[in-house]
Amino acid sequence: MSRSDNTHIFLTFALPFTRKMKQKLSEQEAIRREALASLRELDIDPYPAEGYDINASSREIKENFPSDNSLFQDVKLAGRIMGRRIMGSASFAEIQDESGRIQLYFNRDEICPGEDKTMYNTVFKRLLDIGDIIGVKGFVFTTKMGEITIHVKEFTILCKSLRPLPVVKEKDGRVYDAFTDPEQRYRHRYLDLIVNPEVREDFRRRAQLIRSMREFLLNRNYLEVETPVLQPIYGGAAAKPFKTYHNKLETTLYLRIANELYLKRLIVGGYDAVFEFAKDFRNEGMSRFHNPEFTQMELYVAYRDYEWMMGLVEEMIEKIVLDLHGTTSVKTGEHIIDFKRPWKRFTMYGAIEHFTGQDISEMDEGEMRAFAKREGVETDESMGRGKLIDEIFGEKCEPHLIQPTFITDYPVEMSPLAKKHREKPGLVERFEAICNGKEICNAFSELNDPVDQRARFEEQLELGRRGDPEAMVLDEDFLMAIETGMPPTAGLGIGIDRLAMILCNKPSIQDILFFPQMRPEKTGGSDEGKEEFIRAGVPEQWAGLLVQAGIPGIDALKSANPNKVFNQLCGLRKKLKLDIPPPGPEEVKDWIKGESQ
RNA sequence: GACUUGGUAGCUCAGCUGGUAGAGCACGUCCCUUUUAAGGAUGGGGUCCUGGGUUCGAGUCCCAGCCAGGUCACCA
């Protein structure tokens, strides 16, 4: 009996497994489930419980076998089948383990030394597929074609895969049929990782970046800490938060937009240096530079100022880049960026003068607005002097700063948590490092004058009252901490994702986050929605169609236009050639109003 | 949010002025004892993103929507 001939048998057999399946299986999926059932009939567990001890990796073999052919004569390794070439009683396959791919050679009479050739003829040739995970035992040799290959004596099925994998071919460094659709890659990152090895490498590099930074900080005896993600008062940055609710406490909580105010409390508490790798959450627009959740490393060091912090940033980033690339130069997009110390430094006024030829430091608000207009920078009346400077800088300078550059001395209005400049009125002791036209870190001499801090919060409250949704909220407990007394402190925040983008040469933040936020796909509909409709009095035959019409649940139905719903149902009835009478328009209205109950 | 490009088989894509949905890989069957992306033969596989409209007829044209990419804006 051929495999396709007993499809119907398989279907009955496999029904319990498909309880939650929403769509019918494609032919290839059906064939795999059929193979799964056949394996079980042969008393082969497609998902064995015990571990599989390996003693080699594909990379070790490829690296060490050529120089010593006596090695790897009793190897055991495991991986996913990525390709198969079957010919009569001999076959080649390719498996991929974490370190790479290696070819396997199967010979029928060695896999099956006795009379029973089932393991080769049936299990290997017919019941295994690309995507399955197997373990193999055997010895390494080189084929006539010069390919390092494992001669398999024994194999074990470790996991049967039920879905076909995108098959990417490669020859002489050229890739064919690459799995490239970004939507598919991000939504199903596991597939991306399986078939695009360079993606696995990028994320390893990101992990190395974090490890290298942590190492640098721990070597200086800085304390790694953890502070709340759920915060009753959000603060430490200008951003819109995500809001949630704690049932038992009956209180609103926010996902943190920053951890600054908590880390400073720890400095008040007597630690001299604390840092945290923090996931922060900002409820704002998304772009290739912005994901709603992102990672930031924040660091606070007592008895230091922002001048000192610039030195630390240079040293730390230079070390990280060296750890990752073995050199201080990194290619990113069009540019080669050199992180070698020391980095260029500009004051904000200096940078504006450098790029526009105009010294604006002595201008008042009116002159500055006029200047901005001349330079083609958009302004509006609500912008004060500080905001204007920021706009001009963002428009005329930031995009041109490709090599790592410190910009220092920001307007006080933009920086309610930074200490006033020791010499220059109206400015604060703050710097950002700009690289590849984007900010990669933000730091200041932290404001520890409690009276000044309270006044700055008051200004923010005023902004909030005027409707600025990102104005900071007054955090009374934080002020109490500052009133208790915080030593002079230098603080730093580094955007890990943006740094990773540069160091991994990725133009989009989605490429250095495993699971970037995506808009949920509209599914074909769920059983839950259908159940809801039935409970609400919709006849079963129509309940399913409502889901199919893109109305996921009862709430959506309640707010839908009855005429449109009626039209959609009639359309679907016609399209699917259903042999049931159309619903009356009144009937549909009743469902929506919920009067049919 | 604006503009723009795209959505067709498991994957990568073609499909002309509107006329019975195609290729390669993958998959099934048969043949074949060492292949280098692809051995040979043969066969199956589609909600052409969704819904309307125009038309004798829509993958194709029009409208609306959904999802994604890019650019810009907003935003750090």
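Both backbone and side-chain heavy atoms feed into the values below; hydrogens, waters and symmetry mates do not. Letters A, B, ... mirror the listed sequences (proteins, then strands); counts begin at 1.
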Could I get the full list of ring-ring contact (aromatic ring centres under 6.0 Å, His included) partners for [X], not counting sequence neighbours?
X        : result
A/Phe277 : none
A/His335 : none
A/Phe281 : none
A/Phe92  : A/Tyr105

Which nucleotide in the set [options] lies at the smallest distance from any side-chain heavy atom of [X]?
X        : options             : answer
A/Ile130 : B/U33, B/C27, B/U36 : B/C27
A/Phe141 : B/U34, B/C27, B/U33 : B/U34
A/Arg519 : B/C67, B/G69, B/U12 : B/C67
A/Arg126 : B/U35, B/G69, B/U29 : B/U29

Determine the interatomic distance between [atom1] on [N] and the same-named atom on [M]; round to the nearest Å.
N     : M     : atom1 : result
B/C25 : B/A9  : C1'   : 12 Å
B/U60 : B/A64 : P     : 16 Å
B/C11 : B/U71 : C1'   : 29 Å
B/G44 : B/U29 : C1'   : 10 Å
B/A68 : B/U50 : C1'   : 15 Å
B/C16 : B/C61 : P     : 9 Å
B/G57 : B/A21 : C1'   : 15 Å

Taking atom types as they are modelled, would you say the side chain of [X] forms a donor-acceptor pair with the base of [N] within the 3.5 Å cutoff?
X        : N     : answer
A/Ser91  : B/U33 : no
A/Glu27  : B/G45 : no
A/Thr143 : B/U36 : yes
A/Gln103 : B/U35 : yes

For [N], the Watson-Crick or wobble partner whose two distances fall under 3.5 Å:
N     : result
B/C13 : B/G22
B/U50 : B/A64
B/C3  : B/G70

(message) Please encode protein proximity along nucleotides 70-76 of chain B as a string of B, S and -, counting only heavy-atom distances under 4.0 Å.
(response) -S---BB
Not counting sequence neighbours, which residues clear side chain to side chain donor-acceptor pair (under 3.5 Å) with [X]? List them please.
X        : result
A/Arg101 : A/Gln96
A/Tyr262 : none
A/Arg80  : none

(request) Flag the pair A/Arg59 and A/Asp97 as a salt bridge only when some basic side-chain nitrogen lies within less than 4.0 angstrom of an acidic carboxylate oxygen. (result)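 The answer is no: the pair does not qualify as a salt bridge.
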(request) Please tell me which of A/Asp181 and A/Asp109 maps to the more 5' nucleotide of RNA chain B, matching each residue to the nucleotide holding its nearest heavy atom. (result)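 Taking each residue's closest nucleotide, the earlier one in sequence belongs to A/Asp181.
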(message) Need one value for A/Ser26: base, sugar-phosphate or nothing, where a base atom within 4.0 Å counts as base even if backbone is also close, heavy atoms only.
(response) sugar-phosphate
(request) Answer with yes or no after comparing the ring centroid distance for A/Phe106 and A/Phe155 against a 6.0 Å cut-off, counting only values under it. (result) yes
Might you list the N or O atoms of the protein lying below 3.5 Å from N or O atoms in nucleotides 22-24 of chain B, with each pair's distance?
{"unit_1": "B/G24", "atom_1": "N2", "unit_2": "A/Asp177", "atom_2": "OD2", "d": "3.4"}

(message) Using OP1 and OP2 only, check whether a side-chain N or O of A/Gln184 sits under 4.0 Å from B/C11.
(response)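 So the side-chain polar atoms of A/Gln184 do come within 4.0 Å of the phosphate oxygens OP1 or OP2 of B/C11, strictly under.
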(message) Side-chain N or O of A/Arg85 versus OP1/OP2 of B/A38: is the shortest distance under 4.0 Å?
(response) yes
